[in-house]
There are 4 protein chains.
Amino acid sequence: MDSHPDAQRDTGSRLTPSPGPRTDHRSGTEGSEPDARTRILNAAEELFAHAGYDATATAGIAKAAGVPKGLVFHYFPRKIDLLATLIGERTGIEELREDHADTQPGDPVRMLSRLALRVPLHASPAMRTILFREAGTHRPARERLRHLNAELNRRARFALELALPGSRGDHARLEAAAATFTAVLLYQESLCQLTGQHIDAELVANLIAKALT
Amino acid sequence: MDSHPDAQRDTGSRLTPSPGPRTDHRSGTEGSEPDARTRILNAAEELFAHAGYDATATAGIAKAAGVPKGLVFHYFPRKIDLLATLIGERTGIEELREDHADTQPGDPVRMLSRLALRVPLHASPAMRTILFREAGTHRPARERLRHLNAELNRRARFALELALPGSRGDHARLEAAAATFTAVLLYQESLCQLTGQHIDAELVANLIAKALT
Amino acid sequence: MDSHPDAQRDTGSRLTPSPGPRTDHRSGTEGSEPDARTRILNAAEELFAHAGYDATATAGIAKAAGVPKGLVFHYFPRKIDLLATLIGERTGIEELREDHADTQPGDPVRMLSRLALRVPLHASPAMRTILFREAGTHRPARERLRHLNAELNRRARFALELALPGSRGDHARLEAAAATFTAVLLYQESLCQLTGQHIDAELVANLIAKALT
Amino acid sequence: MDSHPDAQRDTGSRLTPSPGPRTDHRSGTEGSEPDARTRILNAAEELFAHAGYDATATAGIAKAAGVPKGLVFHYFPRKIDLLATLIGERTGIEELREDHADTQPGDPVRMLSRLALRVPLHASPAMRTILFREAGTHRPARERLRHLNAELNRRARFALELALPGSRGDHARLEAAAATFTAVLLYQESLCQLTGQHIDAELVANLIAKALT
DNA sequence: AATGAATGAGAATTCATTCAT
DNA sequence: AATGAATGAATTCTCATTCAT
């Protein structure tokens, strides 16, 4: 009836990983050419990451994707839908599961390290760049980032709380420690990209754990 | 043939605080209307911060500044000059002076705290937003940010080194600690703006000092 | 090579009522859903009447009709065919029959009144709106309107001539009277729609008859 | 401060003749080339009249006016502003003055004739075409037309009332007579254009007056 | 017959920038 | 220095139409 495949004009917040159809971004099954829609998203991802959303022309996206200009509109009636779709489909945030079977009470370092190694954000470096850059001006990006921050923070706090049951030190310190670790995880990449400054999350985990013990 | 007031076509990097003529941004000395050039910069600052450089039209800046469109180009022949000038004039970075008269060996917490209280970046919140957002795509912003990061890092490391002369723990840990504190200082504001997450730098200073002792 | 159902590429003038297949517009015989072609025409009729032919997108018609976009082109290869078909099928003009059995010599008022009550145009209000609006720019509509005007005029003149055999007054006056009555009948609806002005055709019939007697 | 010369985004209803600056449409004083804005309006008037508002491209207007495309936007930020401005500036409706010095009680024919000769609409044939065509879909045109109809009607009624003080016949008949005459005046031109049918307003005035006496 | 992806010409609008005054 | 008309390239978006399935 209505033809627009995507066009979920609700640019709003669809922040759950959206277990929808196309989880296999970047391709049609294996090595073959991905379909047009995927190619468009791939191109948009790359160009947005490189020059920013506003400085990227849809014509450029079409060209990079190897499709006619009109097809971009066919799938994404408004340019902003491209951004919204990228964020909706390519920045999956892994929620904290309730079964903490792998909990290691007393070993905060290991828990933080594990968090550092597996930041619960399923997104390419390009998507991360986009997420951070556009968060300042685009609602969907901001909400996604907010969500991610909350999740990271919850996990860091959880790790520290479990690890330090005695609540040594007041609550505020634990909060600050969790927030710090979260910030490091969040901005590590961005910082490195922008300033060349590298941070070893492993070591930071160590420091923070030590500070609280 | 050309004698534009600004027009330092060298969009390049003029990263020193440039204690030149107009240090009194928002000028006009007291409460009166600032001059046209200043009003234009003020407007640009606000609009760039709000919507980003690319999404801001020069016509919009002129309107917000209450000046005719042509005047913007009179002062800033190219749009990018606006950004360059803002960064050049309104993101002064205070270099580390060599006289460490106020050094307090043995009291890292206090030194870090002081750093946190007086981040050596003389810039309005709007300018910081601009600096971070445009760093990804605009050279001058990136270099400025890089410089700021370096300065913060140097100070943090300096504080920690002075404070912990015995070099307790290896160099890498100290590096990580300094980088972490730097990151917190750098992104604190941005983080709060984007996610609402607040970090208490005092407490972080405390934690980090404790971790290293 | 081609066998489109309609596609009478002769956008030209098929101005006879075309007692062809589908006289039962809005068909489906009774209350059930009309077939796709009819739904498309219904949608086109409504949208053309509301926003005008040029401002109506075929995609919008498809959507309003609840059919896929491609189907519209299946039935009506070119957009203009929609308009031509509507005019051809939905603006039947009832020709003056030659048997004037119901003639009432001497009673012009009654004859004009009857004409007013049964304007020989079988068309919905929407179709009339379309007919008038597009007559200015689309040949088929113009010819249809011209035809309708001619028919109305012929009837009015006929009524007045029959009624006033003595040709009281010159021919020009009778012409003017007929034309006036025709104009009132033609534009009555349009006038009301555009300006809210209502005209009572009965009374006009009366006036005109009186003026000529 | 704001640059757009026109741009009275209030597409709304500015239905008074707007005794503003440019009453001398079509030119800069005498025979010389009119200024750009006027040329654009002239071109728009002609093209809108010929093909309709929707079917006319702004690029075509620019070309016909001999100005670059961008200049059209400079004066009329949105295409609809062209239509609104044309209607606002080029369809002056002459209000009925209160001094009826020239009143001729007892001579309805002459008063109606005079009305026919000097329809109180200062508009070119092209503007009239536009006014009627777009009234169905564009508010400003509709309101203008409504206004014109009201004015014409008021005058016709006034003429008939003054002329026939005895109120011979009931009020409804007089209403119908006025409305009929109004309709003839209004649509005369349109009718002729669309169907070739010509109406002699003089004769109609005669008929109507006679009918009421 | 039915469907919706694909296509590309062109529409309106945007906007940085130039320039005469 | 100040102004706003002028310019035209580029951008987003629209849409009729085609076509493979």
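All chains are named by letter (A, B, ...) in the order of the sequence lines, taking the proteins before the strands, and each is independently numbered beginning at 1. Bear in mind that the values here come from a model prediction, so they are computed numbers and not experimental data.
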**OP:** State the dot-bracket string of DNA chain F. Criteria: Watson-Crick or G-U wobble, both atom distances under 3.5 angstrom; notation: ( ) intrastrand, [ ] crossing earlier pairs, | interstrand, . unpaired.
**Re:** .||||||||||||||||||||

Subject >> Polar contact flag, side-chain donor to acceptor under 3.5 angstrom, B:R90-B:T85 >> reply: no

Original post:
Judged by modelled atom types alone, do D:T137 and C:R133 share a side-chain donor-acceptor pair under 3.5 Å?
Top reply: yes

Subject >> Any residue meeting ring pair (Phe, Tyr, Trp, His ring centres under 6.0 Å) with A:F48, in chain and number order, not counting sequence neighbours >> reply: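 Once residues adjacent in sequence are excluded, the partners of A:F48 under the ring pair (Phe, Tyr, Trp, His ring centres under 6.0 Å) criterion are A:Y53.
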
Original post:
Hey, does the side chain of D:R78 come within less than 4.0 Å of E:dT13's phosphate (OP1/OP2), counting only N and O?
Top reply: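 It does, given that an N or O in the side chain of D:R78 lies less than 4.0 Å from OP1 or OP2 of E:dT13.
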
Roughly, in whole Å, what's the span from [atom1] in [X] to [atom2] in [N]?
X: B:I80; N: E:dC15; atom1: CD1; atom2: C1'; answer: 15 Å
X: A:I61; N: F:dT12; atom1: CD1; atom2: P; answer: 8 Å
X: B:K63; N: E:dT14; atom1: NZ; atom2: P; answer: 12 Å
X: B:I40; N: F:dT3; atom1: CD1; atom2: P; answer: 10 Å
X: C:D54; N: E:dG10; atom1: CG; atom2: C1'; answer: 15 Å
X: D:D81; N: E:dA12; atom1: CG; atom2: C1'; answer: 12 Å

Min side-chain heavy-atom separation [X]-[Y] under 4.5 Å:
X: D:L82; Y: D:T56; value: no
X: D:I80; Y: D:H138; value: yes
X: A:F76; Y: A:L41; value: yes
X: C:I87; Y: C:L83; value: yes

Subject >> Salt-bridge criterion met for D:E134 and D:R139 (N-O under 4.0 Å) >> reply: no

Close N or O pairs between protein and nucleotides 6-11 of chain F (under 3.5 Å):
| unit_1 | atom_1 | unit_2 | atom_2 | d |
| --- | --- | --- | --- | --- |
| F:dA6 | OP2 | D:Y75 | OH | 2.5 |

